[in-house]
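This structure is a prediction, so every number in the text was calculated from the model and none was measured.
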Amino acid sequence: KRQQLEPNDHFHDFDIIEDSAPMVQKLLVDEQLDFAFLLGVPPNSTDIEFIPIRKCQYALCVHPSHPLSGQDVISVKDIVNEPLAMFGQKHFLNEMVTQAFYDIGAAPNTVLISRQIDTLKRFVVENLASTVLFADCVFDSDPISKIYVKEFPTIYVGIGWKKKRTFTEE
């Protein structure tokens, strides 16, 4: 049932905090946050309740003229020497890509680190480097080819809170 809001209805204040999933999970456990939107693999924690909202896939984004363009799925071994524009240090995405390379005894050939999706996409469009992004970040209108990498995990966006935490209307 929808409730009609009156002009004097009080809305609760809230803060938006953006940080790494491990830090946000720590804030939840320490009860410094009531709830949080989490990105990544579902928390492997006995202290956090997690409800996935959406399943997401990462993709290698390449210029349409790239030799791998047109492939549906590749392996990290196929991109060992690929120049990569990487998403922010200490970010889950950067750590996931780096770990996938380490797992095969290699390291990513990082040529740029940026927290700006548009900058990463521009490097691909200008054929300066490839990048890894959520597949949904690349639109049909973008001149970018998406290729799935079998070693990259499926990621979930969801809501998390500390188990046994009670909420009141205060």
| query | Does one hydrophobic cluster hold both V157 and I117, with members joined at side-chain heavy-atom distances below 4.5 Å? | reply | yes
| request: Would you mind reporting whether F87 and V132 have side-chain heavy atoms less than 4.5 Å apart? | output: no
| task | Would you mind reporting whether M96 and F152 have side-chain heavy atoms less than 4.5 Å apart? | result | yes
| Check: K146 side chain, F139 main-chain N or O, donor-acceptor pair, under 3.5 Å | no
| message | Side-chain heavy atoms nearer than 4.5 Å, only ILVMFWY residues, links allowed to pass through others: does that put I51 and F37 together? | response | yes
| task | Go through the steps to decide whether L84 and N109 satisfy the test side-chain contact (heavy atoms from CB on, under 4.5 Å), and finish with yes or no. | result | CA-CA 6 Å; L84 292 174; N109 179 15; 5.7 Å; no
| Smallest separation among heavy atoms of L38 and G160, with atom names | CD1-CA, 4.1 Å
| message | Taking NZ in K163 as the centre, count heavy atoms belonging to other residues, nucleotides or ligands within less than 6.0 Å. Is the count above 12? | response | yes
| said: I'd like to know if I74 and Y102 are part of one continuous hydrophobic network [Ile/Leu/Val/Met/Phe/Trp/Tyr, side-chain heavy atoms within less than 4.5 Å]. | reply: no
| message | Could you walk me through whether L60 and V62 satisfy the side-chain contact (heavy atoms from CB on, under 4.5 Å) test, starting with their C-alpha distance in whole Å, then the side-chain angles of each, then the deciding distance to 0.1 Å, before giving a yes or no? | response | CA-CA 6 Å; L60 177 70; V62 300; 3.8 Å; yes
| task | Take I155 and Y58 through the test side-chain contact (heavy atoms from CB on, under 4.5 Å) and record every step on the way to the result. | result | CA-CA 8 Å; I155 302 302; Y58 284 117; 3.0 Å; yes
| said: In this structure, would V97 and L128 fall into the same cluster of hydrophobic residues linked by side-chain contacts under 4.5 Å? | reply: yes
| task | Examine distances only and state if a side-chain atom of T131 and a backbone atom of L120 form a donor-acceptor pair shorter than 3.5 Å. | result | no
| said: I want to check something: taking the side chain as every heavy atom from C-beta on, are K121 and L133 in contact at a cut-off of under 4.5 Å? | reply: yes
| Would the number of heavy atoms belonging to other residues, nucleotides or ligands and lying under 6.0 Å from CD of Q32 be above 12? | yes
| field | Trace of the side-chain contact (heavy atoms from CB on, under 4.5 Å) decision for I147 with V73 | value | CA-CA 6 Å; I147 308 165; V73 180; 5.9 Å; no
| field | Joint cluster assignment, M23 & V29, ILVMFWY side-chain distance < 4.5 Å | value | yes
| query | Short question: side chain of T110, backbone of L112 - any donor-acceptor pair under 3.5 Å? | reply | no
| said: Go through it in stages, so that I can follow the logic: the residues are D47 and K162, the test is salt bridge (charged side-chain N to carboxylate O under 4.0 Å, His left out), and I'd like the CA-CA distance, side-chain angles, deciding distance and then a yes or no. | reply: CA-CA 6 Å; D47 298 324; K162 183 176 181 179; over 6 Å; no
| Heavy-atom check, side chain of M86 versus side chain of P108, under 4.5 Å | yes
| query | Is a side-chain donor or acceptor of S145 paired with a backbone partner of S69 at a separation under 3.5 angstrom? | reply | no
| field | Heavy atoms of other groups near D30 CG, more than 12 under 6.0 Å | value | yes
| task | Could you tell me whether the side chains of E82 and H66 share a donor-acceptor contact shorter than 3.5 Å? | result | yes
